[in-house]
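Below is one structure; the comments refer to it alone.
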Number of protein chains: 2
Amino acid sequence: MHELFAENQAFRANGRLWIEGPADRFLGIGRLELLEQIQATGSISKAAKAMGMSYKKAWDLVSSMNSQARQPLVGAQVGGAHGGGAALTPAGAQAVAEFQAMQERFAQFLADETARLYQ
Amino acid sequence: MHELFAENQAFRANGRLWIEGPADRFLGIGRLELLEQIQATGSISKAAKAMGMSYKKAWDLVSSMNSQARQPLVGAQVGGAHGGGAALTPAGAQAVAEFQAMQERFAQFLADETARLYQ
DNA sequence: GGGCGTTATATTTTTTATAATATAACGGTA
DNA sequence: TACCGTTATATTATAAAAAATATAACGCCC
């Protein structure tokens with residue numbers, strides 16, 4: 001396929017990967033990063049800010065994940081010491097770990113396909 | 001991961017795959033289908049109609065592909081017998097065949113990942 | 001030569017997605 | 001008790017994407 005575009009190897013295979021349920025997307029790269037940020041910051045609002053995302057959008061994503069999973073991925077407390085906060089549940093931590101692994105396998109797939117473009 | 005969502009196996013891995021150049025997307029599933037329709041119908045406008053896509057969008061996509069590839073993927077004639085038409089060049093036919101194969105490998109990857117969700 | 005269907009292109013409108021703003025409630029803490 | 005930062009939610013405004021509309025040119029064919 002390399003004859004088609006350029007000799008400078010500037011073309012590459014890329015893509016997006018996600019897990020979807022019967023009604024909606026369940027987990028993708030954006031939701032994964034949101035979960036990671038919640039894990040790191042302890043709050044949905046801080047996670048949203050870190051990602052340059054509106055709080056509403058972050059909350060909607062969390063709500064979508066929590067309602068689709070058998071057990072919520074994110075637990076939240078409203079009020080209290082510092083206003084409240086959020087954290088990953090064990091199920092959330094497991095989802096993060098497993099989807100990270102899935103992403104790594106996908107990255108390898110993409111690297112293989114990019115290499116094949118030039119072989 | 002199956003403990004996370006449901007016992008009815010309604011969740012699955014899904015995704016999108018494309019080839020991108022330095023500036024823009026080069027070839028994805030939508031562009032592939034457009035090329036296939038051009039191949040089948042002999043015209044950009046008929047291909048667009050078959051896909052429920054505006055002619056302008058189809059033309060923009062063809063233009064993007066033709067300008068990125070070393071050789072155009074689609075050749076077009078304006079005026080003439082039936083107003084003109086378009087057809088795949090040999091490079092276009094090759095791009096279709098190779099990206100179809102890439103898509104098939106991706107479908108297998110997604111099937112493997114879906115199976116892994118429940119193993 | 002006039003009509004036809006197509007390519008090629010620009011402009012406008014509509015739709016969709018995203019962001020911004022607003023408000024209430026909550027529960028520690030000073 | 002008043003305050004604070006957060007969750008939770010709705011509404012409005014903005015931006016981006018897509019679709020619709022318009023127009024010119026082209027070259028065979030009747």
Side-chain angles (χ1 to χ4, degrees), chain A residues 16 18 20 23-26 28-69 71-89 91-92, chain B residues 16 18 20 23-26 28-69 71-89 91-92:
Chain A
R16 284 279 206 163
W18 63 85
E20 63 189 24
D24 195 11
R25 185 166 302 199
F26 175 60
I29 185 70
R31 291 170 189 232
L32 172 67
E33 189 183 340
L34 179 60
L35 293 177
E36 289 169 341
Q37 288 292 336
I38 289 171
Q39 195 167 37
T41 63
S43 116
I44 296 174
S45 68
K46 290 202 185 91
K49 188 165 296 182
M51 292 179 68
M53 174 189 290
S54 70
Y55 172 79
K56 180 192 181 344
K57 176 157 188 184
W59 187 88
D60 284 347
L61 293 174
V62 168
S63 171
S64 167
M65 288 185 276
N66 278 352
S67 65
Q68 287 185 85
Q71 298 162 301
L73 305 190
V74 174
Q77 301 81 35
V78 47
H82 302 88
L88 295 193
T89 63
Chain B
R16 284 278 205 163
W18 62 85
E20 63 188 25
D24 194 11
R25 185 167 302 199
F26 174 61
I29 184 71
R31 291 170 189 232
L32 172 67
E33 187 182 343
L34 179 60
L35 294 177
E36 289 170 340
Q37 288 291 336
I38 289 171
Q39 197 167 37
T41 64
S43 120
I44 297 175
S45 68
K46 289 201 185 93
K49 188 165 296 183
M51 293 179 67
M53 174 189 289
S54 71
Y55 173 79
K56 181 193 183 339
K57 176 156 189 184
W59 187 88
D60 285 347
L61 292 175
V62 168
S63 171
S64 167
M65 287 184 277
N66 278 353
S67 65
Q68 287 184 83
Q71 299 163 303
L73 305 190
V74 175
Q77 301 82 36
V78 48
H82 303 88
L88 295 194
T89 63

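Labels below follow one simple rule: chain letters A, B, ... track the order of the sequence lines, proteins then strands, and each chain is numbered from 1. Side chains are part of it too, since the values below use all heavy atoms of this structure and drop only hydrogens, waters and symmetry mates.
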Rounded distance (Å) that lies between atom [atom2] of [N] and atom [atom1] of [X]:
| X | N | atom1 | atom2 | result |
| --- | --- | --- | --- | --- |
| Y55(B) | dG5(C) | OH | P | 15 Å |
| K57(A) | dT9(D) | NZ | P | 19 Å |
| L61(B) | dT9(C) | CG | C1' | 15 Å |
| K49(A) | dT7(D) | NZ | P | 11 Å |
| M51(B) | dA19(D) | CE | P | 10 Å |
| K46(B) | dC4(C) | NZ | C1' | 12 Å |
| L34(B) | dT7(C) | CG | P | 11 Å |
| Q77(A) | dT6(D) | CD | P | 13 Å |

Note to self: Under 4.0 Å from OP1 or OP2 of dT7(D): is there any side-chain N or O of S45(A) that close?
What the structure shows: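 So the side chain of S45(A) is within the cut-off, an N or O lying under 4.0 Å from OP1 or OP2 of dT7(D).
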Item checked: Under 4.0 angstrom between W59(B) side-chain N/O and dA8(C) OP1 or OP2 ->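 Looking at the OP1 and OP2 atoms of dA8(C), one of them is under 4.0 Å from a side-chain N or O of W59(B).
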Next item on the list: From the options dA19(D), dT6(D), dT6(C), select the nucleotide whose nearest atom is closest to the side chain of S43(A).
Entry: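 So the side chain of S43(A) is nearest to dT6(D).
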Check: Which nucleotide in the list dC29(D), dT9(D), dA8(C) gets nearest to the side chain of A81(B)?
Finding: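 For A81(B), the side-chain atoms sit closest to dC29(D).
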Next item on the list: Please tell me which of G80(A) and G52(A) maps to the more 5' nucleotide of DNA chain C, matching each residue to the nucleotide holding its nearest heavy atom.
Entry: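 Looking at DNA chain C, the more 5' nearest nucleotide goes with G52(A).
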Next item on the list: Hey, which sits more toward the 5' end of DNA chain C by its nearest nucleotide, S54(A) or G42(B)?
Entry: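 Mapping each residue to its closest nucleotide by heavy atoms, the 5'-most match is G42(B).
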Note to self: Evaluate H82(A) against S43(A) for side-chain contact (heavy atoms from CB on, under 4.5 Å), listing each step before the verdict.
What the structure shows: CA-CA 10 Å; H82(A) 302 88; S43(A) 116; over 6 Å; no
Margin query: Judged by each residue's nearest nucleotide on DNA chain D, which is more toward the 5′ side, H82(A) or K56(A)?
Written below: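 Result: H82(A).
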Margin query: Do R25(B) and Q68(B) make a side-chain contact, defined as non-hydrogen atoms from C-beta onward lying under 4.5 Å apart?
Written below: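 Side chain of R25(B) against side chain of Q68(B), heavy atoms only: no contact under 4.5 Å found.
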Checklist line | Beyond-backbone contact of W18(B) with R16(B), side-chain heavy atoms, under 4.5 angstrom | finding: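 Counting from C-beta outward, W18(B) and R16(B) do come under 4.5 Å.
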Note to self: Checking side-chain contact (heavy atoms from CB on, under 4.5 Å) between T41(A) and each of K49(A), E36(A), K46(A), which is the one that passes?
What the structure shows: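 Among the candidates, only K46(A) passes.
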Next item on the list: Please answer whether the main-chain N or O of S63(A) pairs with a side-chain N or O of S67(A) as donor and acceptor at a distance below 3.5 Å.
Entry: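 Checked: pair present.
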